[in-house]
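Numbers restart at 1 for each chain; the letters A, B, ... are given by sequence-line order, proteins then strands.
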Amino acid sequence: MDQALRLSTWLVPTLREVPAEAEVASHRLLLRAGFIRKVAAGIYTLLPLGKRVCSKIENIVREEMNRAGGQEILMPILQPAELWHRSGRWEVYGPELFRLKDRHGRDFCLGPTHEEMITALVAAEVRSYKQLPLLLYQIGNKYRDERRPRFGLLRGREFIMKDLYSFDRDWAGLEESYRKMYEAYTRIFTRVGLNFRAVEADTGAIGGSVSHEFMALAEAGEAVVVYCPDTTCGYAANVEKAESLSSLEEIGEEGPIELVVTPGVRSAEEVAAFLGLPVKQIIKTLIYRTEKGLVAALVRGDREVNEVKLQNHLGVLELELAGEDLVEEATGAPPGFAGPIGLSLPLVVDREVLHVKAGAVGANRPDAHYINVLPGRDFPVQDVADIRQVSEGDPCPRCGRPLLSVRGIEVGQIFQLGDKYSRALNAYYLDERGEKRPIIMGCYGIGITRTMAAVVEQHHDEEGIIWPVAVAPFQVLVLPVNYEEAPQRELAEEIYNLLREKGIEVLLDDREERPGVKFKDADLVGYPLRITVGRHAAEGKVELKLRRTGENWLVSKGEVLEKVTAFLEGKEFCTG
RNA sequence: CGGGAUGUAGCGCAGUUUGGUUAGCGCGCGUGCCUUGGGAGCACGAGGACGGGGGUUCAAGUCCCCCCAUCCCGACCA
C-alpha cells in the first residue's frame, strides 16, 4: 500500500511567526508553511511539501519537453576545468563560478549550466547529419555564486533547473527547434498557473543572438519589462534589451561655443536649471571603467545609460562607473564636470545626442561647462550607438505608441546559440555531400525552484498560499474538526480512503489539534480544496471549501467524490 | 564588491545607552487537567550563557579590537 498520508506523521513545521529574514511573500510563506528551510545564504532544503510541489513542476516540464521531442539525460554537476578552458568561459564566467580542486590539485567547478559538457558529449557521439536534429535535456541542481542571493528561492546559489540543448544541421533547423521550445514554454507556464509574458532578451554570458525570456509578472521580480499596449503590435522586451524610437527632435540652435562658470553645478538637472535650458539639451558624459580601460558614454541629459547595451557595444566583460578618483584623473575635474571636448578617452555617443544642436557639456575643469556645443563640430562622433535605457512612456520601436512597464521574475530563457560552442568544442557533422559543418545549437532553461516561488508570488493572500491544482502539494485536505470524536474520525477516514482509492492526492489532518490551529494551517499551506468533517458528520454530511474563493458547500458523503472530481477537472463547481 | 543594519532559547523580541545578584518576555515544545468550528485556559516543566576569538576591568550580554554569519539598498543571472 501507499504511504500513509496523515498529517500527524508528516514533517510540516508551520510557523506562527514570520522569520525576520524573509522579505517577499514567497520566501515568507514558503518558510512559514513549512515548505523550505534555509541552510546558508541562497541554499535551501526542500521539506516534504516543498519537494512535492517541485516534483509536480518538474513533471509538467518533463511532459512538455518529451512532447516537443526532448530526450532526458543526466550530466554531472562536477565539471572539469578543462572543458571550460576550451570554451574560454573559465575566465569569462568570473567569480560566479563555484570553483574547487580535487586532491591532486586539478581544477573543477560546480556546473552553473552545461553547454560545454553537452557539446563535448555531442561532439564525441554525433557524426552524421542523419543523427540531427537532437534535443537533450536534464533536470538538476545548478550552482552560481551570486553576488547577492536573496528573496529565498527567487535567487539562490544552488537551485533546480531544467536545461535543454538543441542540435541542428543549420539555422533553419535551429529556428524550428527554437519555435518548438517557445511553444513548450508557453504551455508549461500556462499549466503551472503563471501569469507570464515572453519578452525579447539580452543574451548575456551565455552568448548567442536571438533570445527570449519568460517573465512571471510580479512586483517582487527583479527584472523590468517594457511592452507595447497594442496587442497586435505585441512588442515586449527586457529593459536591458529594449529599444525605442530615437527622438529625432533637433534641440537648440547652432551657435558659437562658449565657456560658462557653473560653480558646484553637477547633475544634468542642476545644470539645466542653472543655465535655464531644458534637461534634454544637456549632454551627459559618464566615465566607465572596463578591463580595457576607461571610456566615456554620452547620452542626453534626460536619458539614462543602459549599461548592458554599452557593455555589448564595447565587447567588454567588466563595466562599471568609474570612481571619483579615476574620473578626476581622466578629466581633471570632479564628477559632474566631465565632457567630451578635449577628453582623451574613447567616446561612445548615443544616437539621440546627434540631434542636440546646442548642447551643454562639462568642461573637464572644476565649476565650468561649455554651451552651444555641436556634436561633430566640437567633439568627434565616430562611435555612435543606441546606449540609452528605455523607460515607460517612450515610443514603441515598432509602432510608436507609448510603452508600458512591469516587473517580472525571469522563470525561463531560451537562446539561439549558433556555432559558438560547437566550434570551440569541436562539434561537427558530415552533411549529405560529406562536408564537415558545425552543429547549430540552442539552449533553453527553466528555473524550477524559482518557478515554484513565482507561483507563490502570484497566488497568495493574507492567510497563506493558494496553490493552483496542477502544482499543489496535495489537491485535497480532509480536516476532521475533532479527530477524537468517533463519528467525525470515522467519516473522515472513510472519505480519505475513498479519495485515495480513486487516485486523488489527499492528505488527512489527523492531528489532535484544536480546530483553529488546523484551519489556520490549512489556509497557510494552501490546499486548493478542503473537506471539513465536523458538526454534520453524524448526518453523513461534510463541507467542501475552496481555498481560492472561500466558497463552501455542505454535501452528503455520497456526493463527495463527484464534487471533488468535478473540481479537479476544472468543471463547473456548484451546489447541485 | 561598495553602502546600511543585525546577531541573546526552535521562532519573534527586551536587556547593551549609564558594566554589578541566579539573563527576561511572548509564541512554540514536554506532562497533566480542561476544552474542541478559526492559531483556547490553568498548572508544572525542559531549554540559552548572550555569533566566534582576543582585550580592558575586582566584575563584561553590556566597553575596545579582529573575525564570522545573516538581512536590506546599488552593479549580474534560471
Inset, instruction - Could you check if a side-chain atom of A:Leu326 sits within less than 4.5 angstrom of a side-chain atom of A:Ile287, using non-hydrogen atoms only? - result: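 No, side chains not in contact.
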
Inset, instruction - Compare all side-chain heavy atoms of A:Tyr483 with those of A:Asp509 and state whether any distance is below 4.5 angstrom. - result: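 No; the side chains remain at least 4.5 Å from each other.
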
Inset, instruction - Considering just the side-chain nitrogens and oxygens of A:Arg514, establish if one lies under 4.0 Å of OP1 or OP2 belonging to B:A40. - result: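 Affirmative; the distance criterion is met.
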
Legend entry - Under-4.0 Å side-chain N/O to phosphate OP1/OP2 contact, A:Arg450 with B:A78: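 Result: no.
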
Legend entry - Nucleotide nearest A:Arg155 when distance is taken to its side chain, options B:C77, B:G39, B:U36: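 When the side chain of A:Arg155 is considered, B:C77 is the closest of B:C77, B:G39, B:U36.
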
Inset, instruction - Just call it for A:Arg148: base, sugar-phosphate, or nothing, with non-hydrogen atoms closer than 4.0 Å on any strand. - result: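 Here A:Arg148 touches the bases of the nucleic acid.
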
For the base of [N], is there a side-chain donor-acceptor partner from [X] under 3.5 Å away?
{"X": "A:Asn482", "N": "B:G37", "value": "no"}
{"X": "A:Arg32", "N": "B:G28", "value": "no"}
{"X": "A:Glu17", "N": "B:G28", "value": "no"}
{"X": "A:Lys520", "N": "B:G37", "value": "no"}
{"X": "A:Arg28", "N": "B:G12", "value": "no"}

What I want to find out is whether [X] reaches [Y] closely enough, with some N-O distance under 4.0 Å, to be called a salt bridge.
{"X": "A:Lys520", "Y": "A:Glu463", "value": "yes"}
{"X": "A:Glu115", "Y": "A:Arg89", "value": "yes"}
{"X": "A:Lys180", "Y": "A:Glu183", "value": "no"}
{"X": "A:Glu146", "Y": "A:Arg157", "value": "no"}

Legend entry - Position toward the 5' end of RNA chain B (nearest nucleotide), A:Glu410 or A:Gln488: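 First, find each residue's nearest nucleotide; the 5'-ward one identifies A:Gln488.
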
Inset, instruction - Send over the distance from A:Glu307 CD to B:C77 P, rounded to a whole Å. - result: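 Between P of B:C77 and CD of A:Glu307: 12 Å.
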
Inset, instruction - Mind checking which stems touch RNA chain B? I mean at least 3 consecutive Watson-Crick or G-U pairs, both distances under 3.5 Å. - result: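 Stem list for RNA chain B: B:1-7 with B:68-74, B:10-13 with B:24-27, B:29-33 with B:41-45, B:51-55 with B:63-67.
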
Inset, instruction - Quote, to the nearest angstrom, the P distance that separates B:A46 from B:A23. - result: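 Rounded to whole Å, the distance is 15 Å.
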
Legend entry - Nearest-angstrom distance, C1' atom, B:G38 to B:A14: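 Comparing C1' positions in B:G38 and B:A14 gives a spacing of 30 Å.
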
